[in-house]
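Notes for the one structure printed next.
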Number of protein chains: 4
Amino acid sequence: MEPTRADARDNRARILEVAEDVFARGGSAASTEEVARLAGVGIATVFRHFPTKRALLEAVLVKHFDHLCERARGLADSDEPGPAFFEFFGHLVDDAAGKLAIIEAFTDAGGDAEGQAGRRPRELREAVGVLLVRAQEAGAVRADVRLEEVYALLVGVARAGAHLQLDAHVRARTVGIVFDGLAARERDERRPVQ
Amino acid sequence: MEPTRADARDNRARILEVAEDVFARGGSAASTEEVARLAGVGIATVFRHFPTKRALLEAVLVKHFDHLCERARGLADSDEPGPAFFEFFGHLVDDAAGKLAIIEAFTDAGGDAEGQAGRRPRELREAVGVLLVRAQEAGAVRADVRLEEVYALLVGVARAGAHLQLDAHVRARTVGIVFDGLAARERDERRPVQ
Amino acid sequence: MEPTRADARDNRARILEVAEDVFARGGSAASTEEVARLAGVGIATVFRHFPTKRALLEAVLVKHFDHLCERARGLADSDEPGPAFFEFFGHLVDDAAGKLAIIEAFTDAGGDAEGQAGRRPRELREAVGVLLVRAQEAGAVRADVRLEEVYALLVGVARAGAHLQLDAHVRARTVGIVFDGLAARERDERRPVQ
Amino acid sequence: MEPTRADARDNRARILEVAEDVFARGGSAASTEEVARLAGVGIATVFRHFPTKRALLEAVLVKHFDHLCERARGLADSDEPGPAFFEFFGHLVDDAAGKLAIIEAFTDAGGDAEGQAGRRPRELREAVGVLLVRAQEAGAVRADVRLEEVYALLVGVARAGAHLQLDAHVRARTVGIVFDGLAARERDERRPVQ
DNA sequence: CATGAATGAGAGTTCATTCAT
DNA sequence: TATGAATGAACTCTCATTCAT
């Protein structure tokens, strides 16, 4: 499973890198052949490393999710849980900007997790959960919000940013509003939602 | 333009209805053939009514956007602009739940508007803009938010609701947080976003 | 077989007329629906009068061939068989100019003559044969040419005129060369053909 | 551009060969699928080698036109320009026998020359022009004929040969008449054409 | 192990022809 | 009888995946 030859390992890495770009631009509808072309390898090489298009997509996502999870876990022990939570939220949204395939993958949160990527969304969700709880304990986030809606907001704003191609400025203001909603201490004269 | 024969009109309506469902589930990648099959008509019948797949998609979207615009305009003259704004926001999010194609269409806000559907997203955006201004004048929404981010939140939460398949409950709570963010009067000790 | 109602007879005639135009322009690849549209009738009406596209094409051709045959027969008794022959040749070539479908039909000279049009090309060929023999008897056309090659020249020049869209001038000069070849009395130092 | 693998080159050649046959019989309306079937390859293989049906047709035509041009140029320096001209004329007509698509292509003499095949008909025409001028200078062809009508006769007789499926004998006699017309020194008592 | 040619299943679209009004 | 809506077969073209080199 661990590739012995160096060139093979290099190829795998390069393909993954290119795939990220290609799928980011064209969404999961982008063609495998373009990945091969841009990676400078034959199409069969792509399929040797990733036996299926789905597998390639998953590998791209796994890498991303692992990245994010790592970051979330690194922030979990922060002395300032409030800023840590908000920083991660903002980072994720910015990171997702323009990455269609990545974004579409958030869908499978609890979904049809058969593949290798299956547990990643759950793990990320849990990591976010940890940050959230800490931030709530620190009084930076309202106690009455739950992970479900926070995750939905995360996904939603990230999706919007990616699909509407918001520039950093608008993205920041959009995120700012959500932050205000999460931080607001007192719920008041809100009209019954729906 | 108005078809004279009853059966044709029925078929057209049935196709449109089915297409809404099919595209809602599979996004715009879903096949025209499935629409035909589920509508119980031959593939050529679909193409008689909608000469192009794109035309079919547009028809579905136009119908939806027109619905939403109508509703937004109906609320524009409300005596209570605040609740009107929030009600429309919530309604749109609920309405979009599960409708992938619809949601994907919000993208083209000012986009490649060539087809008949071209002006709809813009119109909807403008209608939302009207509601927003009124709500701000009434003091129900912070004066410092702009249409851009409100629209982004609208699209984002709708997308999240659709893709994560949130149930009505979670959706309501998610929307609630955004509402708090929009209503919050005083911005305070927020950490520099990014 | 003879339609009793006047409107039906009118429709048939109009369709035939339009079909001639349409097929002339687009060749036999032109669509039946365009014929119907330009004739101002429903597509089903076309198929009522001509049960098959092939039947419609044949009707167009039959009309044309009958026209030509009539003309050829009218010239058969001419006092001046030479000019008569050459006149008919030139007329046919001019007549065919731009009429793709017509021209393509000359193909079936002895061909798969199943349909109603089957005997027409043969009849036309025979009528040309009569003109040719007379012209040869009158000494206006070389005695050693046969109907086969004359017909081939007829078809060939007509086809060329139609497909290359030759204007009347070039057409006339082209035909003139063929006439010289047909009239030439003495065959001489020609190199072995092929 | 030159394919490295032998099997691919063979396939390409076989497809081209079969396509020539298929289009020869059915004209350019013949289906790509039949080409694939007769070549014993999958339909996608045809499209790999020729990305478009039009491209396949063009490849067939280019091959033929290049053949003919080569031959015409080879004859351009002949010591006996008269026989050279007549030989080429006869050769082209024989070569075209039965090849509908090829023949149809002569049409676009100066036509919608966008594709790669675009310049070929023009080149052939020019090559014929050279042969013609030489033959006229040598006194073998009348000085008063122009390339336009010679080309028309070329195309016409070729078309007739192809469509009427003339055997070599009749073809030769037909060509012979045209040759007489081209060679005839004195124009005489011809009736006014048309 | 890398390559790229071959593949077949499907997608969108068109058109001659039939059927219900 | 005239209409035009419905039909399905056929066609061009694409793409993930496999196979021979």
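By convention in this document, chain letters (A, B, ...) are assigned in the order of the sequence lines, proteins followed by strands, and residues within each chain are numbered from 1. Basis for what follows: all heavy atoms, side chains included, without hydrogens, waters or symmetry-related copies.
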Would you say E:dC1 has OP1 or OP2 under 4.0 Å from some side-chain N or O of A:H49? no
Tabulate protein N/O versus nucleotide N/O from nucleotides 15-18 of chain F, keeping only pairs under 3.5 Å, one per line.
from, atom 1, to, atom 2, distance (Å)
F:dA16, OP1, A:K53, NZ, 2.8
F:dA16, OP2, A:T32, N, 3.2
F:dT17, OP2, A:K53, N, 2.7

Rounded distance (Å) that lies between atom P of E:dC15 and atom CG of C:L56: 16 Å
Looking at A:R37 and A:E33, is any side-chain nitrogen of the basic one under 4.0 Å from a carboxylate oxygen of the acidic one? no
I need the A:I15 CD1 to A:L38 CG distance, nearest 0.5 Å. 12.0 Å
Look at the side-chain N and O atoms of D:T45 and state whether any lies under 4.0 Å from the OP1 or OP2 oxygen of E:dT7. yes
C:L124 vs C:D66 side-chain heavy atoms within contact, under 4.5 Å: no
Whole angstrom value for the distance that separates C1' of E:dA6 from CG of D:D10: 14 Å
To the nearest Å, how far apart are D:N11 CG and F:dT21 C1'? 14 Å
Nearest-0.5 Å distance, CZ of residue C:R120 to NE2 of residue C:H64: 14.0 Å
For E:dT21, which nucleotide in any strand shown is its Watson-Crick or wobble partner with both distances under 3.5 Å? F:dA2
Whole-Å gap separating C1' (F:dG4) and CZ (B:R9): 15 Å
Nucleotide E:dG12, atom P - distance to CZ of B:F50 in whole Å: 15 Å
d(CZ, B:R48; P, E:dC19) in whole Å: 16 Å
For E:dG12, give the paired nucleotide (Watson-Crick: N1-N3 plus N6-O4 or O6-N4; G-U: N1-O2 and O6-N3; both under 3.5 Å), or none. F:dC11
Heavy atoms, side chains only, cut-off 4.5 Å: are C:L56 and C:F23 in contact? yes
Which is more 5' along DNA chain E, the nucleotide nearest D:G40 or the one nearest A:V41? Just name the residue. A:V41
Is D:H163 close to C:V155 at the side-chain level, that is, under 4.5 Å between some pair of heavy atoms? no
Whole angstroms only, please: what is the CZ-C1' distance between D:R14 and E:dA6? 12 Å
In whole angstroms, the gap separating P of F:dA6 from CZ of B:R12 amounts to 11 Å
d(D:S28 OG, D:L61 CG) to nearest 0.5 Å is 9.0 Å
